[in-house]
Amino acid sequence: IVVYNVLLGTMRAGRQWKVADEFAMEMVKEGVQLDNYTFSTLISCALQCKAPRDALAWFDRMAAAGIVPDEVTYSTMTLVYSRLGRFDEAVELYENLRLTGWKPDRVTYGSMVNVYARAGKYQKASALIKEMRDLGLKPDAVVYNTLIKFFAREGKTGQAKRVFKEMESYGIKASEFTLSLMIDVHGRSGNVAEAFSLFERMKEEKLPLDTAVYNSLLKMCGEERKVAEGERLITELLERGLKPDEMTYKSLVNLYAKEGRIDEAVKVMQEMIEVGCPIDVVVYSCLIKACGATKQFERAEKFFEEMLVSGNRAD
RNA sequence: CUGGGCGUAGCG
């Protein structure tokens with residue numbers, strides 16, 4: 001069973017939900033006894049792959065198999081309910097467990113911060129962090145990152161900054177995730193200087209830089225029309241041996257298109273095709289919009305037709 | 001170090 005679980009773990013890491021799902025079905029057929037590790041791996045894999053319904057289905061199978069969920073499985077389930085928009089059930093699950101006198105661990109607290117923050121209950125999420133501290137559970141960077149993430153998503157830049165400061169004031173070291181998040185936060189609010197200053201900080205602290213950080217900055221450069229900076233970033237990314245992904249290319253197309261530099265945008269698009277990157281409506285609409293802005297209507301028309309031919313539908 | 005909470009998606 002351990003071997004099977006390890007294999008499932010690999011599929012989870014590779015975000016291969018269909019594969020994992022079928023593999024687990026096969027396990028059941030072969031009569032392998034699934035355990036809490038199996039189920040929690042499956043459930044979290046489904047969750048990561050945006051298949052929360054499947055996660056629920058496996059939770060039901062778990063009950064049917066008479067396996068009693070442990071803390072890990074339960075805390076994964078609070079996230080499942082939360083992602084399904086069933087906030088009340090997530091909280092209910094947590095509260096019921098607490099009634100049994102069980103003491104949640106750091107990760108469970110982290111999950112609940114996630115649940116509350118997703119539901120927009122920020123005061124409650126913050127209260128949980130305080131509760132952790134009072135209990136001596138030492139909130140870590142991950143808990144704070146969770147909260148920052150939701151503030152970032154909602155465009156609540158000020159709140160995100162506040163949490164970031166609070167975290168540092170407690171002597172919790174910002175991880176590369178934290179700084180990456182904060183770079184994204186500043187990028188979204190057009191705070192170019194702050195974003196780059198945190199980027200410098202990451203370099204000084206020798207934190208690992210990956211494509212995601214560059215993507216955040218590139219996106220910002222697109223919005224803020226900083227083509228030269230954007231080009232510097234892409235060069236640097238390649239020099240570091242990082243691999244541009246779909247988002248990197250999209251940001252680049254946007255960067256050029258926003259400036260009306262359609263030929264360059266098209267060059268990026270061709271490169272996308274070469275490396276097998278899917279071209280979607282977003283890419284085409286960037287180009288079409290750029291044509292509109294530069295009054296090249298016949299060219300816009302051409303892109304539109306090309307889009308339809310390539311199997312994309314106008315949305 | 002067999003499993004659970006955090007970063008680049010979403011009104012372009």
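The figures here come from the full heavy-atom set of this structure, side chains too, leaving out hydrogens, waters and symmetry mates. Within every chain, numbering begins at 1; the chains are lettered A, B, ... in the order of the sequence lines, protein sequences first and strands thereafter.
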Starting at [atom1] of [X] and ending at [atom2] of [N], how long is that distance when rounded to a whole Å?
| X | N | atom1 | atom2 | value |
| --- | --- | --- | --- | --- |
| A:W102 | B:G4 | CH2 | C1' | 11 Å |
| A:D70 | B:G4 | CG | P | 12 Å |
| A:Y81 | B:G4 | OH | C1' | 15 Å |
| A:D140 | B:G7 | CG | P | 14 Å |
| A:D210 | B:U8 | CG | P | 11 Å |
| A:K250 | B:G10 | NZ | C1' | 10 Å |
| A:E223 | B:A9 | CD | C1' | 14 Å |
| A:I1 | B:G3 | CD1 | P | 13 Å |

Taking OP1 and OP2 of [N], is either one under 4.0 Å from a side-chain nitrogen or oxygen of [X]?
| X | N | answer |
| --- | --- | --- |
| A:K219 | B:A9 | yes |
| A:R188 | B:A9 | yes |
| A:R12 | B:G4 | yes |

With a 4.0 Å cut-off on heavy atoms, is [X] in touch with a base, just the backbone sugar-phosphate, or nothing at all?
| X | value |
| --- | --- |
| A:S180 | base |
| A:V6 | sugar-phosphate |
| A:S251 | nothing |
| A:T211 | nothing |
| A:V143 | base |
| A:L218 | nothing |
| A:D105 | base |
| A:E71 | base |
| A:S111 | sugar-phosphate |
| A:R153 | base |

- Query: Do the ring planes of A:F23 and A:Y4 sit parallel (below 30°), tilted (30 to 60°) or perpendicular (above 60°)?
  - Reply: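 Tilted.
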
Which nucleotide in [options] has an atom nearest any side-chain atom of [X]:
| X | options | result |
| --- | --- | --- |
| A:F177 | B:C6, B:G4, B:G3 | B:C6 |
| A:N145 | B:G3, B:G4, B:C6 | B:C6 |
| A:V282 | B:G7, B:U2, B:G12 | B:G12 |
| A:K149 | B:G12, B:G3, B:G7 | B:G7 |
| A:S216 | B:U2, B:G4, B:U8 | B:U8 |
| A:N114 | B:U8, B:G12, B:C6 | B:C6 |
| A:D315 | B:G12, B:G5, B:G7 | B:G12 |
| A:V213 | B:G5, B:G4, B:G7 | B:G7 |

Does the distance from a Lys or Arg side-chain N to an Asp or Glu carboxylate O, for [X] and [Y], drop under 4.0 Å?
| X | Y | answer |
| --- | --- | --- |
| A:K267 | A:E264 | no |
| A:R240 | A:E236 | yes |
| A:D184 | A:R188 | yes |

Is there a donor N/O on one and an acceptor N/O on the other, under 3.5 Å, for the side chain of [X] and the base of [N]?
| X | N | value |
| --- | --- | --- |
| A:S75 | B:G4 | yes |
| A:S175 | B:G7 | no |
| A:T41 | B:G3 | no |
| A:T78 | B:G4 | no |

If we take the [atom1] atom in both [N] and [M], what is their distance in whole Å?
| N | M | atom1 | value |
| --- | --- | --- | --- |
| B:C1 | B:G5 | P | 14 Å |
| B:G3 | B:G7 | C1' | 22 Å |
| B:G4 | B:U8 | C1' | 23 Å |

- Hey, are the side chains of A:P244 and A:L237 touching, using non-hydrogen atoms and a 4.5 Å cut-off?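 Heavy-atom side-chain distance check passes, below 4.5 Å.
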
- Item | A:R98 and its salt bridge (Lys or Arg N to Asp or Glu O under 4.0 Å) partner, picked from A:E131, A:E71, A:E92 |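 For A:R98, the salt bridge (Lys or Arg N to Asp or Glu O under 4.0 Å) check succeeds only for A:E131.
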
- Item | Heavy-atom neighbours of A:K203 NZ exceed 12 at 6.0 Å |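 Yes, the 6.0 Å shell around NZ holds more than 12 heavy atoms from other groups.
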
- Where the side chain of A:N312 meets the backbone of A:I279, is there a donor-acceptor pair that is under 3.5 Å apart?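 Checking the backbone N and O of A:I279 against the side chain of A:N312, a donor-acceptor pair under 3.5 Å is found.
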
